Q: 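Sharing a structure below in C-alpha cells format, with a few things to ask.
Keep in mind that this is a model prediction, so the values were computed, not measured. Each residue takes its place number in the sequence, starting with 1.
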Amino acid sequence: MSSDENHLPPHEPSRKRGGLALHIGPRKKATSSNPLVLHGRHFGRTVFALCNYPALLTSGILRLEELQDIPVEDYPADVRREHRVFMELVDSYPGLLERLTNGEEEDIILVGELLGKGASGARGDDTKTLKSAVLEWLVPRGQVVIPPLSRNIKSDRGFNHEVTGALLCPAGLDWSNAETKQGLKSGEIAVRGDQWPMFLYAGNIYDPEEPWKGLLRSEILIFGFKHVFTSPSSVDREPKATRSGNAYLHGMKSVTKASLAYIATQVRFSLSSSSVFSRTDTITDSDNFYHSILDLLEDPDENEEVADLMMWWTRRVFPNSSSSQRSISKNSALSKIREKRAILQERATAGAT
C-alpha cells in the first residue's frame with residue numbers, strides 16, 4: 001500500500017452544494033485498495049448500511065457549527081441518529097474530521113463517494129454470495145428443498161415457494177392458511193418492512209404474548225452473520241477458512257446492533273424473489289425493514305432485552321472475546337473475591353457518609 005493512499009486524489013473545480021452533489025459519480029476511479037473504500041465496507045456493515053455518504057458528511061459538518069448554539073437533544077430523533085452516525089464515522093477514521101473541516105466542498109463530496117463506494121460494494125458482494133449460500137440453510141443438513149430452488153434465479157423464491165414463503169411469512173399470519181398463502185403470493189396481502197418475518201425468530205416460532213421471545217436468535221441469522229463476518233466456512237462447526245474473515249481484518253470482537261440489522265436485511269432479501277437490492281423497492285421495502293429493526297435495538301426503553309440479545313450474539317460469534325463478560329460460577333474463588341471486595345467497598349462508602 002503506497003504512502004500517499006491516505007491523501008485525497010486531485011479534484012475538479014468547485015461545484016455548488018445541492019442535489020447535484022448527492023448524485024454525481026466519483027471524479028476519479030476508486031480502487032478497492034483505497035483506505036476510504038475499505039473503511040466504507042466495514043462501516044456500512046457494522047454502523048449504518050443504507051446511507052448517502054456525501055449527504056451525511058455535508059450535513060454533519062454544517063451541523064457541527066449549529067451545535068455551538070443548539071444542543072443535539074433539540075433535534076428530531078432521525079437527525080440525532082444521523083449525527084451519531086456522522087460522529088462515529090469521523091471518530092473511526094483518524095484525521096477524517098480535520099480533513100473535512102479544513103477541506104473544500106468537493107473534498108467532502110469525494111470522501112463521501114469513496115466511503116459510499118465501499119459500503120455499496122460490500123453490500124453487493126454480500127447480496128451475491130448469500131443468494132447461493134442461503135439455500136444450504138433452509139432445511140436441516142442432509143435434507144433437500146422440495147421443489148429444488150435455483151442458485152442463480154430468484155423468481156421461484158419468496159412467497160412462490162413453500163419453504164421460503166413460510167420463512168418470510170409475517171409473524172402473526174398463518175402460512176398454513178390457504179387464503180393467507182394465496183394472498184401473500186398474489187400480492188393482495190402487501191407486506192411492509194416493519195412486518196417482521198418468521199425467520200427472525202428462533203425455531204420460526206412467534207409468541208404474540210411474548211414478542212421478544214426468540215426474536216433475532218434464529219439459526220439462519222447466525223449462519224448469515226458468520227458467512228459475512230467470520231468466513232463462509234465458519235458456518236460449519238469446524239471452520240475451514242484459510243484466510244482471515246472480515247471481522248478479524250477490522251478488529252471486530254463483538255456484534256453491533258447495526259450489523260445484526262444488516263444481516264437480517266440481507267438474509268430477508270436473499271429469501272425473497274426480488275433480483276435487485278434497492279432501497280426504493282416498495283416490494284421488499286428493505287429500507288423500512290432495516291430501520292425498523294435498528295429502531296427497536298436503539299430504543300432506550302428496550303435496553304434490558306437488547307443488552308441480553310447482544311451478549312447472546314457476541315458469545316456465539318466471538319466466544320473468546322466475550323469471556324470476560326461471562327457470568328461468574330457460584331461458590332468459585334473468583335466469586336468469593338468479588339463478594340468480599342463488594343462488602344469492603346460498601347463499608348467504605350457507609351463510613352464516608
Side-chain angles (χ1 to χ4, degrees), residues 50 126-225 227 235 260-296:
L50 307 178
D126 296 338
T127 299
K128 181 179 180 180
T129 59
L130 283 170
K131 179 173 69 172
S132 175
V134 75
L135 299 183
E136 305 294 331
W137 313 328
L138 298 181
V139 294
R141 190 166 301 178
Q143 297 184 19
V144 295
V145 178
I146 301 175
L149 286 167
S150 170
R151 290 183 174 273
N152 300 315
I153 301 174
K154 296 184 64 185
S155 58
D156 54 354
R157 302 186 190 185
F159 296 122
N160 299 319
H161 193 280
E162 184 66 28
V163 176
T164 55
L167 293 172
L168 289 171
C169 182
L173 295 184
D174 183 6
W175 176 251
S176 64
N177 181 281
E179 186 176 344
T180 298
K181 186 180 299 184
Q182 181 57 36
L184 290 170
K185 184 175 182 179
S186 66
E188 183 178 348
I189 299 178
V191 179
R192 290 172 48 88
D194 58 0
Q195 292 179 276
W196 294 340
M198 290 297 296
F199 82 81
L200 293 186
Y201 285 88
N204 304 321
I205 300 173
Y206 166 68
D207 182 353
E209 300 299 322
E210 297 287 344
W212 257 111
K213 185 177 180 180
L215 178 62
L216 296 171
R217 300 186 188 223
S218 65
E219 191 174 61
I220 196 171
L221 282 182
I222 296 174
F223 291 163
F225 197 99
H227 177 90
V235 172
L260 184 51
Y262 174 78
I263 291 300
T265 303
Q266 283 282 13
V267 171
R268 178 174 177 266
F269 180 78
S270 70
L271 294 171
S272 75
S273 58
S274 296
S275 58
V276 179
F277 187 101
S278 172
R279 292 178 56 186
T280 58
D281 182 0
T282 57
I283 303 300
T284 58
D285 202 17
S286 294
D287 188 89
N288 187 17
F289 176 77
Y290 175 80
H291 281 91
S292 68
I293 291 183
L294 210 51
D295 285 343
L296 176 72

Q: What donor-acceptor contacts under 3.5 angstrom involve side-chain atoms of residues 166-174, with partners at least two apart or in another chain?
A:
residue: Asp174; atom: OD1; partner: Ser176; partner atom: N; Å: 3.0
residue: Asp174; atom: OD1; partner: Ser176; partner atom: OG; Å: 2.5
residue: Asp174; atom: OD2; partner: Ser176; partner atom: OG; Å: 3.1

Q: Quick one: list whatever passes side-chain contact (heavy atoms from CB on, under 4.5 Å) with Ser273, sequence neighbours left out.
A: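 Ser273: side-chain contact (heavy atoms from CB on, under 4.5 Å) contacts with Asn160.
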Q: Mind listing the closest non-hydrogen atom pair of Leu184 and Phe159 along with its distance?
A: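 Taking every non-hydrogen atom into account, O-CD1, 3.5 Å.
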Q: Which residues pass the side-chain hydrogen bond (donor to acceptor under 3.5 Å, both in side chains) test with Ser286, not counting sequence neighbours?
A: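 side-chain hydrogen bond (donor to acceptor under 3.5 Å, both in side chains) list for Ser286, sorted by chain: Thr284.
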Q: Holding to salt bridge (charged side-chain N to carboxylate O under 4.0 Å, His left out), I want the full list of residues that pass it with Glu136, two or more places apart in sequence or in another chain.
A: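 With neighbours one apart ignored, the set is Arg151.
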Q: Find out whether Asp194 and Phe289 are in side-chain contact, i.e. whether some heavy atom of one side chain is under 4.5 Å from a heavy atom of the other.
A: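 Result no, sub-4.5 Å side-chain heavy-atom pair not found.
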Q: Look up atom OG in Ser150 and atom NE2 in His161, then write down how far apart they are to the nearest 0.5 Å.
A: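 Between Ser150 OG and His161 NE2, I get 11.0 Å after rounding to 0.5 Å.
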Q: Sequence neighbours left out, what passes side-chain contact (heavy atoms from CB on, under 4.5 Å) with Glu209? Give chain and number order.
A: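 With neighbours one apart ignored, the set is Asp207.
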Q: With a 4.5 Å heavy-atom cut-off, do Val163 and Leu149 have their side chains touching?
A: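 No, every pair of side-chain atoms sits at 4.5 Å or beyond.
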Q: Quick one: list whatever passes side-chain hydrogen bond (donor to acceptor under 3.5 Å, both in side chains) with Asp285, sequence neighbours left out.
A: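 Scan of Asp285 (side-chain hydrogen bond (donor to acceptor under 3.5 Å, both in side chains), adjacent residues dropped) gives Asn288.
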Q: Starting at NZ of Lys154, measure out to OG of Ser270 and round the result to the nearest 0.5 Å.
A: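 Result: 6.5 Å between the selected atoms.
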Q: So which heavy atom on Pro197 is nearest to which on Arg268, and how close?
A: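 Nearest pair, atom of Pro197 first, then Arg268: CG-CD, 4.4 Å.
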Q: Do Ile293 and Leu260 have side chains that approach each other closer than 4.5 Å (heavy atoms only, starting at C-beta)?
A: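 Side chain of Ile293 against side chain of Leu260, heavy atoms only: no contact under 4.5 Å found.
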Q: Which value, rounded to the nearest 0.5 Å, describes the distance between Trp212 atom CH2 and Tyr201 atom OH?
A: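 It is 9.0 Å, given to the nearest 0.5 Å.
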Q: What is the minimum heavy-atom distance between Met198 and Asn204, and which atoms define it?
A: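 Smallest heavy-atom distance, with atoms named: CE-O, 2.8 Å.
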Q: Once rounded to the nearest 0.5 Å, what's the spacing between atom CG of Leu294 and atom OG1 of Thr265?
A: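 If we round to the nearest 0.5 Å, Leu294:CG and Thr265:OG1 are 9.0 Å apart.
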Q: As a quick check of understanding, evaluate side chain to side chain contact (heavy atoms under 4.5 Å, CB included) for Phe199 and Leu221, giving each step before the final call.
A: CA-CA 8 Å; Phe199 82 81; Leu221 282 182; 3.9 Å; yes
Q: Could you measure the distance from the CD1 atom of Ile283 to the OG atom of Ser274? Nearest 0.5 Å is fine.
A: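 Ile283 atom CD1 to Ser274 atom OG measures 7.0 Å (nearest 0.5 Å).
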Q: Heavy atoms only: give me the nearest Ser292-Gly193 pair and the separation to one decimal.
A: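 Minimum heavy-atom separation between Ser292 and Gly193: OG-O, 3.8 Å.
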Q: Counting distance only, does the side-chain N/O of Ser186 pair as donor-acceptor with the main-chain N or O of Gly183 below 3.5 Å?
A: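 Confirmed, Ser186 side chain pairs with Gly183 backbone.
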Q: Not counting sequence neighbours, which residues clear salt bridge (charged side-chain N to carboxylate O under 4.0 Å, His left out) with Lys181? List them please.
A: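 Listed in chain order: Glu162.
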Q: Sequence neighbours left out, what passes salt bridge (charged side-chain N to carboxylate O under 4.0 Å, His left out) with Asp287? Give chain and number order.
A: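 Salt bridge (charged side-chain N to carboxylate O under 4.0 Å, His left out) check on Asp287 returns Arg279.
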Q: State which residues pass ring-ring contact (aromatic ring centres under 6.0 Å, His included) with His291; sequence neighbours excluded, sorted by chain then number.
A: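 ring-ring contact (aromatic ring centres under 6.0 Å, His included) list for His291, sorted by chain: Phe48.
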Q: In Å, rounded to the nearest 0.5 Å, how long is the span from CG of Leu271 to CD of Gln266?
A: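 The distance works out to 11.5 Å.
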Q: Sequence neighbours excluded, which residues qualify as side-chain hydrogen bond (donor to acceptor under 3.5 Å, both in side chains) partners of Asn177?
A: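 Scan of Asn177 (side-chain hydrogen bond (donor to acceptor under 3.5 Å, both in side chains), adjacent residues dropped) gives Thr180.
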Q: According to side-chain contact (heavy atoms from CB on, under 4.5 Å), who are the partners of Val139, at least two apart in sequence or on a separate chain?
A: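 Once residues adjacent in sequence are excluded, the partners of Val139 under the side-chain contact (heavy atoms from CB on, under 4.5 Å) criterion are Gln143, Val145.
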Q: List for me each residue that meets side-chain hydrogen bond (donor to acceptor under 3.5 Å, both in side chains) alongside Trp137, sequence neighbours excluded, and say none if there are none.
A: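 In terms of side-chain hydrogen bond (donor to acceptor under 3.5 Å, both in side chains), with neighbours along the sequence ignored, Trp137 is linked to no residue.
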Q: Does Arg157 form a side chain to side chain contact (heavy atoms under 4.5 Å, CB included) with Lys131? I'd like the steps, not just the answer.
A: CA-CA 11 Å; Arg157 302 186 190 185; Lys131 179 173 69 172; 3.7 Å; yes
